[in-house]
Amino acid sequence: MSTSNSSPYASRFHQGQGFYSFSLGNFTVTSVSDGFLVFDDPQAALAPKANSQEFDTILRKKFLSSDTAYTHINTLLIEGNGKKVLIDNGCGDSLGPSTGVLVKHLANAGVKASEIDIVLVSHAHPDHIFGTITRTGEHVFPNAHYMISKEEWDFWTDPNVKISSPFGDEMARAAILGAQRHLKAIEDRVSFFDSEQEIMPGIRAIRAFGHTPGMMAFIITSNRKKLIYTADALHHFVVTLARPDWELGVDNDPVEAIVTRMRLLEKITSIEAPLVHVPHFPFPGIGHIRKEYAGYVWEPVVWEW
């Protein structure tokens with residue numbers, strides 16, 4: 001019996017608690033979980049203007065309840081070219097006991113927080129950047145250089161910044177103050193990049209404005225193998241794909257976000273079999289997206305131990 005595996009994305013690694021590793025060309029790529037969040041009013045976050053009956057039907061077809069939404073928080077570690085690059089750094093100690101396990105899960109994968117060279121920030125929402133410093137101000141990734149789009153930095157650091165939130169004004173204010181605190185902590189170790197810029201060999205930024213004013217997705221390429229990190233242009237693995245034209249309550253500019261989402265989905269499905277990593281899809285958030293009727297469908301990778 002042959003033990004070879006012809007899959008172009010075949011895992012050569014042991015998986016473990018909170019991490020899932022695989023090869024992408026010459027890169028070692030690991031999805032690392034920072035935990036999860038549960039929302040009691042899914043429609044307010046995922047489709048506030050949608051018909052409630054259609055919203056319920058879409059979820060029921062996948063045997064999911066419309067009473068709560070279970071949201072995974074996945075980050076992405078890329079190792080190659082002598083660097084360890086982390087895309088987004090999770091919630092830190094700010095969003096409760098179901099989150100903030102990124103450093104623990106990195107350690108399970110054999111990577112210390114002090115070994116992270118670069119943190120790419122897709123956007124400055126709490127679950128993507130509140131893992132920068134602890135409550136007492138220590139850097140979680142003490143040796144990391146940070147990179148973020150200038151549009152995103154300028155938006156959140158504006159003293160007059162305003163956002164709305166489906167979870168209320170208090171949550172919106174907490175998100176703003178938290179983003180400003182964490183961004184202030186890296187002002188002496190940050191640089192900026194533009195959309196369509198190759199940030200470093202094999203990693204290029206993709207403009208994904210809408211969810212926030214300067215959010216970026218990323219495309220990782222090695223030896224003709226591609227992986228697209230969608231950031232929050234995609235959000236729920238059923239609702240957002242079945243109806244990508246629905247406005248999300250968590251988007252800063254819902255109309256622009258729809259344009260971004262449709263453009264990114266077209267890009268994903270026009271490339272031959274790219275892998276996709278989605279921060280809020282079920283862990284490890286790795287799979288493929290295909291067109292189906294008027295929408296799209298998520299096809300997760302088959303777990304390989």
Legend entry - Side-chain (S33) to main-chain (G35) donor-acceptor, under 3.5 angstrom: yes
Legend entry - Donor-acceptor side-chain pairing of H125 and T212 below 3.5 angstrom: no
Legend entry - Verdict with supporting geometry, W153 and V121, side-chain contact (heavy atoms from CB on, under 4.5 Å): CA-CA 10 Å; W153 179 274; V121 180; over 6 Å; no
Inset, instruction - Can you see which heavy atom on P244 is nearest to which on L265, and at what distance? - result: CB-CD1, 3.7 Å
Legend entry - Nearest-0.5 Å distance, CG of residue L37 to CG of residue L95: 6.0 Å
Legend entry - ILVMFWY network linking F218 to L24, side-chain heavy atoms under 4.5 angstrom: yes
Legend entry - Closest approach of D232 to M215 (non-hydrogen atoms, all atoms of both residues): N-SD, 3.5 Å
Inset, instruction - Salt-bridge test for E187 and K184: reply yes if a basic N is under 4.0 Å from a carboxylate O, no otherwise. - result: yes
Inset, instruction - For the pair N108 (side chain) and F19 (backbone), establish whether a donor and an acceptor sit closer than 3.5 Å, ignoring hydrogens and angles. - result: no
Inset, instruction - Establish, from distance only, whether the side-chain atoms of S52 and Q43 form a donor-acceptor pair under 3.5 Å. - result: yes
Legend entry - T269 and R290, any side-chain heavy atoms less than 4.5 Å apart: no
Legend entry - Sub-4.5 Å side-chain heavy-atom contact between I206 and E196: yes
Inset, instruction - Find the distance between NE2 (H211) and CG (D253) and round it off to the nearest 0.5 Å. - result: 12.0 Å
Inset, instruction - Kindly write out the residues that satisfy salt bridge (charged side-chain N to carboxylate O under 4.0 Å, His left out) with K267, not counting sequence neighbours, or none if the list is empty. - result: none
Inset, instruction - Give a yes or no on whether the backbone of G287 and the side-chain of E299 come within a donor-acceptor separation of less than 3.5 Å. - result: no
Inset, instruction - Would you check if M216 and R204 make a side-chain contact, meaning some heavy-atom pair closer than 4.5 Å? - result: no
Inset, instruction - Quick one: sort the H128 and H280 rings into parallel, tilted or perpendicular, breaks at 30° and 60°. - result: perpendicular
Inset, instruction - Taking the side chain as every heavy atom from C-beta outward, state whether Y70 and T68 have any pair of such atoms under 4.5 Å apart. - result: no
Legend entry - Joint hydrophobic cluster, V103 plus Y146, side-chain heavy atoms closer than 4.5 Å: yes
Legend entry - Partner set under salt bridge (charged side-chain N to carboxylate O under 4.0 Å, His left out) for E198, not counting sequence neighbours: none
Legend entry - Under the side chain to side chain contact (heavy atoms under 4.5 Å, CB included) test, residues paired with V238 that sit two or more places apart: I58, K62, L64, H236
Inset, instruction - For the pair S31 and N74, evaluate side-chain hydrogen bond (donor to acceptor under 3.5 Å, both in side chains) and give the outcome as yes or no after the intermediate values. - result: CA-CA 6 Å; S31 178; N74 311 314; 4.6 Å; no
Legend entry - Atom CG of D188: over 12 foreign heavy atoms under 6.0 Å: yes
Inset, instruction - Using modelled atom types only, decide if a donor and an acceptor are shared between the side chain of H139 and the backbone of A185 within a distance under 3.5 Å. - result: yes
Legend entry - Partners meeting salt bridge (charged side-chain N to carboxylate O under 4.0 Å, His left out) with E170 (sequence neighbours left out): none
Inset, instruction - Measure the shortest side-chain to side-chain distance between E256 and D251 over non-hydrogen atoms and say whether it is less than 4.5 angstrom. - result: no
Legend entry - Separation between CG of L183 and CZ of F155, rounded to the nearest 0.5 Å: 11.5 Å
Inset, instruction - Flag yes if more than 12 heavy atoms outside Q53 fall under 6.0 Å of its CD atom; otherwise flag no. - result: no
Inset, instruction - With the side chain counted from C-beta on, respond yes when W303 and P284 share a heavy-atom pair under 4.5 Å apart, and no when they do not. - result: yes
Legend entry - Hydrophobic cluster partners of I258 (side-chain heavy atoms under 4.5 Å): M262
Inset, instruction - Say whether T132 and N89, considering side chains only, have a donor N or O and an acceptor N or O under 3.5 Å apart. - result: yes
Inset, instruction - Can you measure from CD1 (I289) to CD1 (I268) and round to the nearest 0.5 angstrom? - result: 4.5 Å
Legend entry - Connected via hydrophobic side-chain network under 4.5 Å: Y229 and I118: yes
Legend entry - Closest non-hydrogen atom pair between P126 and A175, with its separation: CG-CB, 4.0 Å
Inset, instruction - Take V140 and I116 through the side-chain contact (heavy atoms from CB on, under 4.5 Å) test and state the conclusion after the steps. - result: CA-CA 10 Å; V140 177; I116 299 299; over 6 Å; no
Inset, instruction - Indicate the ring-plane relationship of H182 and F130, choosing parallel, tilted or perpendicular according to the 30° and 60° boundaries. - result: parallel
Inset, instruction - Examine distances only and state if a side-chain atom of H105 and a backbone atom of V32 form a donor-acceptor pair shorter than 3.5 Å. - result: no
Legend entry - Side-chain donor/acceptor of S149 to backbone N/O of G214, under 3.5 Å: yes
Inset, instruction - Could you check if a side-chain atom of D88 sits within less than 4.5 angstrom of a side-chain atom of L76, using non-hydrogen atoms only? - result: no
Inset, instruction - State plainly whether one hydrophobic cluster holds both F141 and V101, where clusters connect Ile, Leu, Val, Met, Phe, Trp and Tyr through side-chain heavy atoms under 4.5 angstrom apart. - result: no
Legend entry - Cluster check V239, L264: I/L/V/M/F/W/Y, side chain < 4.5 angstrom: yes
Legend entry - Shortest non-hydrogen contact from V297 toward L241: C-CD1, 3.9 Å
Inset, instruction - Applying side-chain contact (heavy atoms from CB on, under 4.5 Å), run through M200 and V85 and close with a yes or a no. - result: CA-CA 10 Å; M200 60 194 71; V85 179; 3.6 Å; yes
Inset, instruction - May I ask you to decide if the ring planes of Y20 and F22 are parallel, tilted or perpendicular, using 30° and 60° as cut-offs? - result: tilted
Inset, instruction - Consider only side-chain N and O atoms of D34 and T75, and report whether a donor and an acceptor are under 3.5 Å apart. - result: no
Legend entry - Nearest-0.5 Å distance, NZ of residue K225 to CG of residue N26: 9.5 Å
Inset, instruction - Identify the two heavy atoms, one from P42 and one from D67, that lie closest to each other, and give their separation to 0.1 Å. - result: CD-O, 3.5 Å
Legend entry - R263 atom CZ, over 12 foreign heavy atoms within 6.0 Å: yes
Inset, instruction - Check whether any side-chain heavy atom of D117 sits under 4.5 Å from a side-chain heavy atom of H145, and report yes or no. - result: no
Legend entry - Straight-line distance of R60 CZ to S66 OG, nearest 0.5 Å: 7.5 Å
Legend entry - Taking every non-hydrogen atom, the tightest pair across T230 and P279: OG1-CD, 3.8 Å
Legend entry - Contacts of R243 that satisfy salt bridge (charged side-chain N to carboxylate O under 4.0 Å, His left out) - sequence neighbours left out: E54, D245
Inset, instruction - Test D127 against T99 for side-chain contact (heavy atoms from CB on, under 4.5 Å), laying out the working first. - result: CA-CA 9 Å; D127 48 336; T99 67; over 6 Å; no
